[in-house]
Amino acid sequence: MTARRILLTIIGLLSIVILIGSLSAGVMAFLLITNRPVDQKLLVVGPGQRLAIVDRQGNAQLLADDLSAELFRYPALAPDGSRVAYISRRGNVSILQVIDLRSGTRTELYRSTTNPPLYMVWSPDGQYLSFLSNRGTGGLGMHIVPTDGSHEAELVSVSPSSLYLAWQPDSSSVLVHIGGSIFEDGRVITVQPGRKQPLYEIDDPGFFQVPAWSVDGESFFYVAQPPIEGPPTVEKVESVLTRVKVGEMQPQVLAREPMAAIIFSRSPKSDEIAYTTVGPEGFGPLKLVTLDGSVRTLSSADDNVVAFFWSPNGEQIAYLTPAGRSSNGSPQLRWQLVGRNGASSRTLNTFVPSQEFLAQINFFDAYALSFNLWSSDGRALTYGTNDGVHVLDINRGIATRRSDGVLAMWLPPDS
């Protein structure tokens, strides 16, 4: 019996050791999975006129060597990640084409010597591509073209100055902000491919850039300017973040900001709106507003938020603030992170942006529609620096250089 009890005790102890070992192995596996480098590939712009796919080890697959090197003529990835639209330059001809990333097939969609294309956004279903053009006579044009090349590009709107757009989630129409604020005869319209007249038109836009649709596509958001008396002055500016339900056109006021523009972006998972302001004193903090009109400040009140980006699950927002200048005088930016409920705010890292990345974040709300700076699992950010393309691990707060280049976006995990 004594020997049996000893044997049972040993077996019991071995079972505990094995169990502990299994648990430790599980913990180690979890830690390894959590801390392993992000395995997604990047679509990298540059150096020079190169467009390439770069894997985790930094190996590059060249897609094109005739990419336009001009600012704002950046590529745009299809929603399913299967194709990329890019602009090439051959002599005095600008060409917009699509590359199928699986087959390598190229489809030309547009070319011009007088109205070069820029800034592209895919429709959510991938069947259309909207893009802007610099008009030879001045101003901007907005075009829509089928991505299979079956029809020529259609010019659907012209603006003497600014022009911003957002596709409806079902790809049936495009919300277009034309010409700035009411003080500049600006307006917001809804257009459909193949239809000459706008479906809706709003004539009281305030100071903002990109409008947005609700998640279900039944409403849209823009910034209105209340009527004023007499000549316009800074004191009379009031930006009113507004929700409009399609078909009812009864505006709902969500937030008001006096003497400032509102730059906003909707969550990818809900109708929560994050925004920052730009006023006489510069950029403001990061705020969030819900559909009931509740507004809360997410960042520090004294943060000057120049750009921000929702995580794919809508739970976190990465934002950028100025961080002085480097030793050679170059402007620096600082990545910071905050939860949508205002929790877990922390500073990540400081870097010197590339000229292209700096230009891009001036219109971050527009490029958020065509550039995936967040990896699909929400664990990393990518961005262009003066030293190449970097990947920032959110959990560890560590940035590593992935490749040469000036800009990058994530490809889907299965690409």
Regarding [X] and [Y], do their side chains bring together a donor and an acceptor under 3.5 Å, going by distance alone?
X: S150; Y: D148; answer: yes
X: Q168; Y: S173; answer: yes
X: Y275; Y: D365; answer: no
X: R340; Y: N313; answer: no
X: S130; Y: W167; answer: yes
X: R256; Y: S239; answer: no
X: Y86; Y: Q97; answer: yes
X: Q336; Y: S299; answer: no

Describe, in one word, how the ring planes of [X] and [Y] are oriented to each other, choosing from parallel (under 30°), tilted (30 to 60°) and perpendicular (over 60°).
X: Y383; Y: F351; value: tilted
X: F208; Y: F264; value: parallel
X: Y367; Y: Y74; value: tilted

Flag the pair D204 / Q225 as yes when at least one side-chain heavy-atom distance between them is below 4.5 Å, and no otherwise. no
Side-chain contact test, heavy atoms from C-beta onward, threshold under 4.5 Å: evaluate it for V188 versus I178 and give yes or no. no
Partner of R111 under side-chain contact (heavy atoms from CB on, under 4.5 Å), chosen from I95, I87, L96: I95
Can K269 and E315 be said to form a salt bridge (charged side-chain N to carboxylate O under 4.0 Å, His left out), step by step? CA-CA 9 Å; K269 296 297 184 181; E315 292 299 319; over 6 Å; no
What's the shortest heavy-atom distance between S159 and S162, and which atoms? OG-O, 2.7 Å
Starting at OG1 of T105, measure out to CG of L101 and round the result to the nearest 0.5 Å. 10.5 Å
Could you go through R379 and D377, starting from their C-alpha distance and side-chain angles, then the distance that decides it, and tell me whether this counts as salt bridge (charged side-chain N to carboxylate O under 4.0 Å, His left out)? CA-CA 6 Å; R379 289 178 41 231; D377 59 9; 3.1 Å; yes
Under 6.0 Å between ring centres: does that hold for F364 and F308? yes
Looking at Y110 versus H143, is the centre-to-centre ring distance below 6.0 Å? yes
A quick test of your reading: do over 12 heavy atoms of other residues, nucleotides or ligands sit less than 6.0 Å from CD of E108? yes
Apply the test side chain to side chain contact (heavy atoms under 4.5 Å, CB included) to residues L320 and F309: give CA-CA distance (whole Å), side-chain angles for both, the deciding distance (0.1 Å), then the verdict. CA-CA 9 Å; L320 291 165; F309 306 89; 4.2 Å; yes
Can you check salt bridge (charged side-chain N to carboxylate O under 4.0 Å, His left out) on R83 and D80, steps first, answer last? CA-CA 8 Å; R83 294 168 292 170; D80 65 357; 5.2 Å; no
Run the side chain to side chain contact (heavy atoms under 4.5 Å, CB included) test on F221 and W213 for me, step by step, so that the C-alpha distance in whole Å, both residues' side-chain angles and the decisive distance to 0.1 Å come before the verdict. CA-CA 6 Å; F221 304 90; W213 289 95; over 6 Å; no
